[in-house]
Each structure stands twice: as C-alpha cells, then as structure tokens.
Amino acid sequence: MIDTADAYGAGHNEGLIGQAIKKSGRKPFVATKFGIVFEEGQTGGQLDTGWGFPLTINGTRSYVARAVDNSLARLGVEQIDLLYAHFPDPGTPLEETVSAMAEAVKAGKVAAIGLSNATPEQIIRAHEVHAIAAVQYEYSLFRREAETGILPAVKRINAAMVCWSPLGAGVLTGTVKALNKDDFRNNNPKMQGQNFKDNLRRVEEIKNIASDLNITPAQLALAWLLARGDHLMAIPGSRQISRIDENLAALDIALSADTLQKLDSIAPLGAFKGATLI
C-alpha cells in the first residue's frame, strides 16, 4: 500500500507515484486523500489543527468529484483503491461528502472509501451512508488518544485502522535529539520546549528495551502497534531504502506479554506531554 494525498506537494507527490507506477509496470494498492485546499481560487471551511495554523477544508459534492478526477490523472490509474476524506469539512454536512465519495465508487473511479482524522461520532455517521473500509488516524506509543474513542468506533464498523505517524514523527526512532529551526515538527506541541525535553527522556526508556531485545527503537514501536490488533496497519514514512527494510522487519517481531506491559507502563495514554489535534 502506498499512502499519499492530493495536498502533498500540491499534487506533486501523486505525480511522482504515477511516474513510479508507470516505470515499474506494477500496480500497487494506492490510497490517497482529498479535502485540504491547496489550489488558488478554491474555498472551504477553516479547521484548527492545534499546530498553530488552520487548514482550509472542502468536502462539497462538486469538490470531491473534481478532486477524484485530478488524483486519477496525476496517479495515472483507472481506479483509486482507497479514497479518504483527509479531514471532515466543518462547513459541509459529512453526509454530503460521503455521498459524493460513494458516487465515485458507483462510477468505478474508487474501489473503497475511508475517513482520516475524524471523530468516533463522524465515523459511525459516515458508515451509515456508505461502508467505511478504513479509518486513518495518528496512533503510536507517542500518541495513544485513539484508544479512547477512535479504535472502538473502527472495531464497531469492522474497518481497518491505518495509523499515521506510527513512529511519533520520528521521535520513537531514538535518533531525534533536536530540531532545526525550519523543521515543520516545531509546530507540534509535543516537540516544543519542556514538553520535548521530557518526552525525549521517556524515549530513552523505550530505547533501553529495544537494546535488550537487540532490535531498533523503530522496530519496537512498530511491533507494539501491530500487536494491538490484526486490523491495524502502520504507514511509516521514509527517505531511505534501508529504513524501509528496517521497518518491514518489524513484521517478524513478536513481543512478549512482559515487554508489552513494560511499554504500557513507560508510555501509557497521555504520558507524552503536549496535546495536538491534527
């Protein structure tokens, strides 16, 4: 599965994936998202991200139809395997957005639909309009808020849980010590000031467990996540092939009940300081 969104690089990322698909001659499972307005002349509702800046979101019927066609063209495929609403549009009824996505399914342009960054209530509502195949939400040892409502809702509708930032924006790799001033992650409250210092100290405890098991902290974090349920999937990002190989090796790691308990005691819900919405 390749996970992307039309807003990543203002469409450029989808274009790169389209080039890769064409060059390889193989069709991967492609998931993309729509809703974040990135083109001039397009409007939408304002959404607070909790990162110090808002996003403009558009989930209207006409915008959805346009976004689907544009993504198909950039990806160079006849059908999108999984289409997410990137964020619910605060200015548009969710039912309108999901109905428009369902129309894309009926037209054969999309195989399945999902929601990203939605609330438990929105997940249930959307599923009443059309089957929701997957819900994408941030979930990791670094941020476990999904356990309070998102995970139960996902199980209720029998969907897949696709976890973005499963390595805690890189913090759970144990390699992050400081951020450059132009690093986007400076917007994350968990990576600011004293919060960041305290959180890095907690990561050291996780690193110690990984060292005892002779695996990397990233592999430990991914193995923990995958142990939470068969319906959970992780989508770690990477700039290096070696890191992709390292992450994939986590699939073969089975953590003991004792190790899982230790991790739960080190990083229970809310242990990492700094709340975020995005």
Side-chain angles (χ1 to χ4, degrees), residues 1-5 8-9 13-14 16-17 19-21 23-24 26-33 81-82 84 114 116-117 134-147 150-151 154 159-177 179 183-185 188 190-191 199-200 202-256 259-260 262-264 266-267 272 276 278:
M1 180 172 66
I2 294 179
D3 182 87
T4 186
Y8 296 165
N13 191 259
E14 286 185 328
L16 288 175
I17 291 170
Q19 291 178 40
I21 292 173
K23 185 176 181 180
S24 71
R26 296 163 60 190
K27 172 64 169 65
F29 186 98
V30 179
T32 193
K33 300 178 278 293
D81 296 300
L82 175 58
Y84 295 99
S116 178
N117 305 307
V135 173
Q136 188 170 138
Y137 202 84
E138 183 178 3
Y139 185 44
S140 70
L141 278 168
F142 194 58
R143 187 183 177 199
R144 298 179 61 169
E145 288 89 342
E147 295 174 6
I150 300 297
L151 282 173
V154 170
M161 173 75 174
V162 181
C163 310
W164 65 265
S165 200
L167 297 178
V171 173
L172 294 175
T173 66
T175 61
V176 178
K177 303 299 181 183
L179 301 178
D183 194 309
F184 178 77
R185 292 173 294 181
N188 189 335
K190 291 185 182 297
M191 304 179 80
N199 291 339
L200 289 181
R202 193 172 297 274
V203 171
E204 288 300 312
E205 298 182 62
I206 295 174
K207 287 174 63 178
N208 290 337
I209 294 179
S211 179
D212 290 341
L213 296 174
N214 198 30
I215 60 177
T216 68
Q219 290 172 333
L220 178 61
L222 291 172
W224 173 87
L225 184 64
L226 297 174
R228 308 298 289 181
D230 292 338
H231 65 299
L232 269 69
M233 304 176 190
I235 49 171
S238 181
R239 291 188 172 95
Q240 301 176 38
I241 293 176
S242 62
R243 294 302 187 192
I244 295 175
D245 292 336
E246 175 187 337
N247 292 339
L248 283 171
L251 291 168
D252 298 320
I253 297 172
L255 300 179
S256 68
T259 297
L260 291 172
K262 287 180 180 178
L263 289 171
D264 282 343
I266 292 171
F272 284 98
T276 56
I278 195 172

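Counting from 1, the numbers follow the sequence of the chain as shown. Treat the numbers as computed from the prediction; the structure is a model and nothing was measured.
- Annotation for Asp230: atom CG does not count as buried by contact number, only 12 or fewer foreign heavy atoms lying within 6.0 Å.
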Step by step, work out the side chain to side chain contact (heavy atoms under 4.5 Å, CB included) result for Phe272 and Arg143.
-> CA-CA 7 Å; Phe272 284 98; Arg143 187 183 177 199; over 6 Å; no
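- Between Ile253 and Leu226 there is no side-chain heavy-atom pair separated by less than 4.5 Å.
- Pro166 approaches Ala221 most closely through the heavy-atom pair O-CB, 4.3 Å.
- Side chain of Asn13 to main chain of Thr4: no donor-acceptor pair is present (N/O by atom type, distance under 3.5 Å, no hydrogens or angles).
- Evaluated for a side-chain contact (heavy atoms from CB on, under 4.5 Å) with Leu167, the options Pro236, Pro217, Ser238 yield exactly one hit, Pro236.
- Between the side chain of Arg185 and the backbone N or O of Ala169 there is at least one donor-acceptor pair closer than 3.5 Å.
- Aromatic ring centres of Tyr139 and Trp224: separated by under 6.0 Å.
- Looking only at distances, a side-chain donor or acceptor of Gln219 sits under 3.5 Å from a matching main-chain atom of Glu246.
- The neighbour count for Arg202 CZ, taken as heavy atoms of other residues, nucleotides or ligands under 6.0 Å away, is above 12.
- Residue Leu263 holds its CG atom at 12.0 Å from CG of Leu225, rounded to the nearest 0.5 Å.
- Of the inter-residue distances, the one linking Asn208 atom CG with Ile266 atom CD1 reads 8.0 Å to the nearest 0.5 angstrom.
- Between atom CG of residue Asp81 and atom CE of residue Met1 there is a gap of 10.5 Å, rounded to the nearest 0.5 Å.
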**Prompt:** For Glu14 and Val30, what are the C-alpha separation, side-chain angles and deciding distance, and is it a side chain to side chain contact (heavy atoms under 4.5 Å, CB included)?
**Reply:** CA-CA 10 Å; Glu14 286 185 328; Val30 179; over 6 Å; no
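- At a threshold of 4.5 Å between non-hydrogen side-chain atoms, the residues Leu255 and Leu220 count as touching.
- Once rounded to the nearest 0.5 Å, the distance linking NZ of Lys262 with CD of Glu205 reads 12.0 Å.
- Applying the 6.0 Å contact sphere to NZ of Lys23 captures no more than 12 heavy atoms from other residues, nucleotides or ligands.
- In plain terms, the two heavy atoms of Lys190 and Asn199 that are nearest each other are O-ND2, 2.9 Å.
- By the 4.5 Å heavy-atom criterion applied to side chains, Ile235 and Gln136 are counted as neighbours.
- Here the shortest heavy-atom pairing between Ile21 and Pro28 reads CG1-CD, 3.7 Å.
- In this structure, the separation between CG on Asp264 and CZ on Arg144 is 4.5 Å, given to the nearest 0.5 Å.
- A distance of 10.0 Å separates OH in Tyr84 from OG1 in Thr32, rounded to the nearest 0.5 Å.
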